[in-house]
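Read through the structure below, which is laid out as structure tokens, and then see the notes.
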Amino acid sequence: MSDKNTKKVKVWDLPTRLFHWVLVIAFAVSAYSAFQDKYGDFAAIHLWSGFTVLTLVVWRILWGFWGSNTSRFGHFLKSPKTALEYTKTLSSKDAPQTVGHNPLGGYSVALMLILLLAQAMLGLFATDGMFFDGPLSAYASGYTSDITELHETLGYILFGVIGLHLIVIVFYWARKKTNLLKPMITGAKPVTE
């Protein structure tokens with residue numbers, strides 16, 4: 001893109017960018033602490049990072065309805081037909097420009113929010129049966145082993161979804177010469193007029 005034909009457009013507001021990066025940190029801490037012994041500090045770290053993820057996701061869902069224009073679900077959740085049509089342009093360098101998430105990216109955000117919400121809520125009821133109990137595990141007696149297994153499985157699914165998210169970022173940078181990270185840091189994106 002030549003500098004004469006481009007302009008910077010606001011893509012992400014500060015609350016959305018802060019949400020994204022704090023969520024990255026909270027999920028990483030939660031994932032790391034999940035693989036440590038659950039007595040002492042790591043149990044508390046896992047609990048509080050899980051609470052942080054839950055709080056952030058609930059806030060983001062609310063922000064998806066009442067936040068700034070590009071943060072609203074109505075801005076980036078398109079019809080399934082639009083998303084399927086967008087897949088035809090993936091291999092092209094001349095794919096339509098979007099401000100914010102493209103139609104597939106919108107569904108990716110929705111999927112991650114749903115999975116993270118489910119993961120954090122399941123964690124409230126999970127237990128390892130020895131050292132760690134979620135704060136609401138007493139209310140799920142008889143089901144805690146199933147809930148815990150689902151919590152663990154969903155954690156691995158999230159690793160896969162996040163891995164795919166990172167692969168897409170690299171794909172856009174390498175194939176389409178589009179830096180998706182910079183707008184999530186600065187809030188602005190260069191677009192062709």
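Here, residue 1 is the first one in the sequence, and each next residue gets the next number. As the structure is a computational prediction, the values presented were derived from the model and not from experiment.
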For the backbone of Ala174 and the side chain of Lys177, can you confirm whether one donor and one acceptor N or O come within less than 3.5 Å of each other? yes

Has the side chain of Ser33 got a donor or acceptor atom that lies under 3.5 Å from a matching backbone atom of Ile45? no

Show the numbers, then the answer: is there a side-chain contact (heavy atoms from CB on, under 4.5 Å) between Leu23 and Leu116? CA-CA 10 Å; Leu23 181 64; Leu116 286 164; 3.7 Å; yes

Using the ring-ring contact (aromatic ring centres under 6.0 Å, His included) rule, take Phe65 and Phe73 through it: C-alpha gap first, then chi angles, then the decisive distance, then the call. CA-CA 7 Å; Phe65 293 103; Phe73 297 128; 5.3 Å; yes

Under 3.5 Å donor-acceptor, Arg60 side chain and His20 backbone: no

Would a distance-only check, ignoring hydrogens and angles, find a side-chain to backbone donor-acceptor pair under 3.5 Å from Thr87 to Leu84? yes

Between Thr16 and Trp63, does any side-chain donor sit less than 3.5 Å from a side-chain acceptor? yes

Are a donor atom and an acceptor atom from the side chains of Thr52 and Ser49 found within less than 3.5 Å of each other? no

Determine yes or no for a side-chain-to-main-chain donor-acceptor pair under 3.5 angstrom, with Arg17 supplying the side chain and Ile185 the backbone. yes

Please examine the side chains of Tyr32 and Phe42, heavy atoms only from C-beta on, and report whether any two atoms are closer than 4.5 Å. yes

Would you give the length of the straight line joining atom CE of Met184 to atom CH2 of Trp21, rounded to the nearest 0.5 angstrom? 7.5 Å

Option from Ile147, Thr148, Thr153 for which side-chain contact (heavy atoms from CB on, under 4.5 Å) with Leu122 holds: Ile147

Atom pairs and distances, side-chain donor-acceptor, residues 99-114, under 3.5 Å, sequence neighbours left out:
residue : atom : partner : partner atom : Å
Asn102  : OD1  : Leu104  : N            : 2.9
Asn102  : OD1  : Gly105  : N            : 2.7
Asn102  : ND2  : Tyr86   : OH           : 3.4
Asn102  : ND2  : Tyr172  : OH           : 2.9
Tyr107  : OH   : Lys78   : O            : 2.5

Leu124 versus Phe51: any side-chain heavy-atom pair under 4.5 Å? yes

Using modelled atom types only, decide if a donor and an acceptor are shared between the side chain of Arg72 and the backbone of Gly67 within a distance under 3.5 Å. yes

Run the numbers on Leu158 and Phe27 for side-chain contact (heavy atoms from CB on, under 4.5 Å), then give the verdict. CA-CA 10 Å; Leu158 275 163; Phe27 182 81; 4.0 Å; yes

Looking only at non-hydrogen atoms, find the nearest pair between Lys189 and Pro183 and report the distance. CB-CG, 4.0 Å

Does any part of the side chain of Ser30, heavy atoms only, come nearer than 4.5 Å to the side chain of His46, both counted from C-beta? yes

What I'd like to find out is whether the side chain of Val22 reaches to under 4.5 Å of the side chain of Leu56, using heavy atoms alone. yes

How many angstroms lie between atom CD1 of Ile162 and atom CZ of Phe159, to the nearest 0.5 angstrom? 7.5 Å

So Thr178 and Trp173, do their side chains get closer than 4.5 Å, heavy atoms only? no

Do Trp48 and Phe19 sit in the same hydrophobic cluster, where Ile, Leu, Val, Met, Phe, Trp and Tyr count as joined when their side-chain heavy atoms come under 4.5 Å apart? yes

